[in-house]
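Okay, structure first, notes after.
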Amino acid sequence: MGRLRIRVGGREIEVPSGSTVWDLIGEWGGGSSQEYIAARLNGRLVGLAEPLEEGELELLGWEDEEAREVYRHTAAHVMAQAVMELYPETKLAIGPAIHDGFYYDFDIPVRITPDDLPRIEERMREIVGRNTPLIREVWSKEDALRYFKDQGQDYKVEILEEMGEETVTVYRQGGFVDLCRGPHLPSTGMLKNFKLLSLAGAYWRGDEARPMLQRIYGTAFLERKDLEDYLHFLEEAERRDHRRLGREMDLFSFHEEAGAGVVFYHPRGAILRGIIEDFLKEEHRKRGYQVVVTPHLFKGELWEISGHMDYYQENMYTFEKDGTRYVVKPMNCPGHILIYKTKPRSYREMPIKFFELGTVYRYERSGVLHGLMRVRGFTQDDAHIFCREDQIEEQVAEALDFAFYCLRTFGFDDYEVYLSTKPEKAVGSEKLWEKATAALQRSLESMNIEYQWDPGEGVFYGPKIDVKLRDAIGRLWQGPTIQADFNLPERFDLTYAGPDNRPHRPVMIHRVVLAGIERFYGVLLEHYGGHLPFWLSPIQVAIIPIADRHLDYAREVEKKMKERGIRAEVDEDRQTVGMKIRKAQIQKVPFSVVVGDREVESGTISVRDRTGKDTRGVTLDEFMRRAEEWIAQRARESVWDC
RNA sequence: GCCGGUGUAGCUCAAUGGCAGAGCAACCGCCUUGUAAGCGGUCGGUUGGAGGUUCGAUUCCUCUCACCGGCUCCA
């Protein structure tokens, strides 16, 4: 038997040929086999039980994303085996690892309920206890087809039929055999900490014309603590749920009588919304945008010209009156185009930037609605920049820069950027699309922004840049989008006079920053878990008199604060101080200001911030001075730290 | 829209075919209070809506509306 030379961890090791990765770990002694999940052998991801070949080996532990996927993929297989054992009639679809867990789609003749999950989990533990090896086997496609047909595994057969390869790999663990590219953990016993989380329906291949399968979601971790942390994260996300905060903080509501997907902002909720809107208008004006207002209802004709009737109809609310078709606007662009067209435009005035807090209505299928995050009626901070072709790059870059400024102001520092290309249903020639896409790409590159391609995800009239923002607990949300559009200007025959005094075609840049105000509002609430920065808090100060005799003083403090633009409110309830503090705390009011005999006498206030820190004898002027500072600076933190 | 689940007082939840309940909130009163729940009392419901089965339905069935978790889609 020959020997293989393997470079690993900066050393070169010789092992007998036929050795597996596992064998090498024992020989190498550079760490215990417990730490490793998978390996990369000459760049290829392999399982630990796979045979070595000469070359470069990298051992992968939990910190490696692909290794985590291997681990969770094995968890999916173990779950599939458990389900097969419990429900032998089950047909298996697919079961991949996902971002922080795994799922498997099953066609089970009986209906699974959440009560069944513990039983399945129990069986999984049993399978783990058996410590069955997962054995990789290479089969000919024919053999595989015969086997899975024989087993009645229709979905596997369908997958096989679509595969081009002559040979396929299957993984065998005891009596359970699954078509799978792998790799996997060497044995079920290596799977340690897992939990089944939820149950959902999912179409086979995501196609609603195909059968609905039962999907089970779960997660798995190497370390118990990581699993616990993850479960805590889920609880944390639930605590931050904007729907719950909206109710507790008395910000907004939904009403069955009014219909799904439309939001009612309560007085306090409207204050926050107003602050966001004022901020946007002010910042847009600063940057040369002109604020416009357009109606909610246009005749169908306009949407014929824009192409919406052909490409966006399923999302539009339309109706007929006196024989005329009307559309409740799903987008603001046609309105801004009409304003553009009201007079001859010159190259000298380019770019022309119209901004509108435009409320639009889009039909969304009932099942997708979700609190403020996905609604049917929402307001966009929408702008259309009409410019010359040579200005696109600079205008897109400027818009991006503006967008990042706004996001940072609201407390978001982490982003992911995507460039989306032409979708299947689209207006305009290939050439225009290429031109527009290239312009967006140049802007990103000129700003040194890292981005990823998102093929086919553009809007019907143009490619787009999407910015996704990461919140305080690491989740990504849709944020700004910028679209370059050569198509609508053509459809509406937009022109401007060039230096040659001849008509030229402008380009339109569609762009939103916070995008849907409703969604952003929800994201903002979840990002801060309701503990909004001072400048955004609907009520900034709860003034709490200790006894009735302090009411006059409390009202005086309130009046002075209000005069300085601080949103303060006296809590006049005949309740204990503890109770009133508790109320303010639940409503996430940044400061509770307590006034009693001591304060009345010395003309001071007692200040309690949201962390619970209590400072007595603060002068009103000092407090207001700092409050004004937090507002002016749009500070993220406001703790009383002296 | 589809799959699964849920819908009982303002909120959180009991009651599973036999008189619809509790805590908190609200209201009234007492207490005049020092940093996350003071005490007592009162009010509150066509059990989301419509229809059906039944002597009798919150409970079982059908339809419908809304919500929750997904699929799909999207700002």
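Straight-line distance between the P atoms of B:rG1 and B:rG41: roughly 49 Å, to the nearest whole Å. Rounded to whole Å, the separation between the C1' atoms of B:rC19 and B:rA36 comes to 40 Å. Between B:rA14 and B:rA9, the distance separating the two C1' atoms is 13 Å to the nearest Å. Rounded to a whole angstrom, the distance from the P atom of B:rU64 to that of B:rU12 is 27 Å. Across B:rC74 and B:rU54, the matching C1' atoms stand 48 Å from one another, rounded to whole Å. To the nearest whole angstrom, the two P atoms, one in B:rC67 and one in B:rC31, are 48 Å apart. Only the P atoms considered, B:rG18 is 11 Å distant from B:rU59, to the nearest whole Å. Taking atom P on both B:rG51 and B:rA15, the two are 28 Å apart, rounded to the nearest angstrom.
In this entry B:rG56 has no Watson-Crick or G-U wobble partner, no candidate having both defining distances under 3.5 Å. In a base pair of the Watson-Crick type (N1 to N3 plus N6-O4 or O6-N4) or a G-U wobble (N1-O2 and O6-N3), with each distance short of 3.5 Å, B:rC63 is matched with B:rG49. The partner of B:rA15, taking Watson-Crick or G-U wobble pairs whose two distances both stay under 3.5 Å, does not exist in any strand shown. The partner of B:rG1 is B:rC71, by the rule that a Watson-Crick or G-U pair needs both atom distances under 3.5 Å. Remark: B:rC39 base-pairs with B:rG29; criterion is Watson-Crick or G-U wobble with both hydrogen-bond distances under 3.5 Å.
Both A:R582 and A:R598 lie close to RNA chain B; mapped to their nearest nucleotides by heavy-atom distance, the more 5′-ward contact belongs to A:R598. Of the residues near RNA chain B, A:R616 and A:G261, the one whose nearest nucleotide (by heavy atom distance) lies more toward the 5' end is A:R616.
Taking only side-chain nitrogens and oxygens, A:R608 comes nearer than 4.0 Å to OP1 or OP2 of B:rA36. The phosphate of B:rG10 has neither OP1 nor OP2 within less than 4.0 Å of any side-chain N or O from A:R247.
The interatomic distance linking A:E256 (CD) with B:rU47 (P) rounds to 15 Å, in whole Å. Between A:I586 atom CD1 and B:rU12 atom C1' there is a gap of 13 Å when expressed in whole angstrom units. Look at CD1 on A:I544: it is 11 Å from P on B:rU35, rounded to the nearest Å. The distance between atom NZ of A:K583 and atom C1' of B:rA26, rounded to the nearest whole Å, is 12 Å. Between the NE2 atom of A:H255 and the C1' atom of B:rC65 there is a distance of 15 Å, given to the nearest Å. Between the CG atom of A:L117 and the P atom of B:rG5 there is a distance of 13 Å, given to the nearest Å. Between A:K613 atom NZ and B:rA36 atom P there is a gap of 15 Å when expressed in whole angstrom units. In this structure, CD1 of A:I112 is placed 17 Å from P of B:rC3, rounded to the nearest angstrom.
Checked against the 6.0 Å centroid threshold, A:Y521 and A:Y265 count as a close aromatic pair. Between A:F106 and A:Y104, the gap from one ring centroid to the other is short of 6.0 Å. In this structure, A:F591 has its ring center under 6.0 Å from that of A:F623.
In this structure, A:G371 reaches the sugar-phosphate backbone alone: every heavy-atom distance under 4.0 Å involves primed, P, OP1 or OP2 atoms, never a base. The residue A:R549 sits close only to the backbone: its heavy atoms come under 4.0 Å of sugar-phosphate atoms, none of a base.
Interface residues of residues 90-97 of chain A facing RNA chain B, ordered by number: none; criterion, heavy-atom separation under 4.0 Å. Annotation: proximity of residues 588-596 of chain A to RNA chain B (heavy atom, distance under 4.0 Å) is found for A:V594, A:G596, numbered in ascending order.
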Summary of protein contacts for nucleotides 69-75 of chain B, nucleotide by nucleotide, where a base hit scores B, a sugar-phosphate-only hit scores S (4.0 Å, heavy atoms) = BBBBBBB
For every nucleotide of nucleotides 38-46 of chain B, 5' to 3': is a protein heavy atom under 4.0 Å from its base (B), only from its sugar-phosphate (S), or from neither (-)?
-> B--------
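Across all non-hydrogen atoms, the minimal contact from A:S420 to A:G458 is CB-N, 3.5 Å. The two atoms that bring A:H336 and A:F355 nearest to each other are CE1-C, 4.5 Å, heavy atoms only. Nearest heavy atoms, A:E238 versus A:R244: O-CD, 3.8 Å.
By the side chain to side chain contact (heavy atoms under 4.5 Å, CB included) test, A:A82 pairs with A:I120, A:R123, A:M124, A:I127, sequence neighbours left out. In this structure A:H527 satisfies the ring pair (Phe, Tyr, Trp, His ring centres under 6.0 Å) test together with A:F412, sequence neighbours excluded.
Contact annotation: the side chain of A:L551 approaches that of A:V570 to within less than 4.5 Å [non-hydrogen atoms, C-beta and beyond].
For A:D573, whose side chain is taken as the heavy atoms from C-beta onward, the closest listed nucleotide among B:rU35, B:rG7, B:rA26 is B:rA26.
Remark: A:R273 is not positioned above the aromatic ring of A:F252, lacking an NZ or CZ atom under 6.0 angstrom from the ring centre and at most 45 degrees off the axis.
Salt-bridge annotation for A:D466 and A:K468: absent, with no side-chain N of the basic residue lying under 4.0 Å from a carboxylate O of the acidic one. For A:R240 and A:E236, the salt-bridge test passes: some basic side-chain N is under 4.0 Å from an acidic carboxylate O.
At least one donor-acceptor pair closer than 3.5 Å links the side chain of A:W433 to the backbone N or O of A:V427.
Between A:L514 and the choices A:L469, A:L280, A:T379, the side chain to side chain contact (heavy atoms under 4.5 Å, CB included) rule is met once, by A:L280.
A distance of 8.0 Å separates CD1 of A:I509 from CD1 of A:I482, quoted to the nearest 0.5 Å.
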Passes ring-ring contact (aromatic ring centres under 6.0 Å, His included), A:F520 versus A:F410? Steps please.
-> CA-CA 10 Å; A:F520 185 77; A:F410 284 103; 5.2 Å; yes
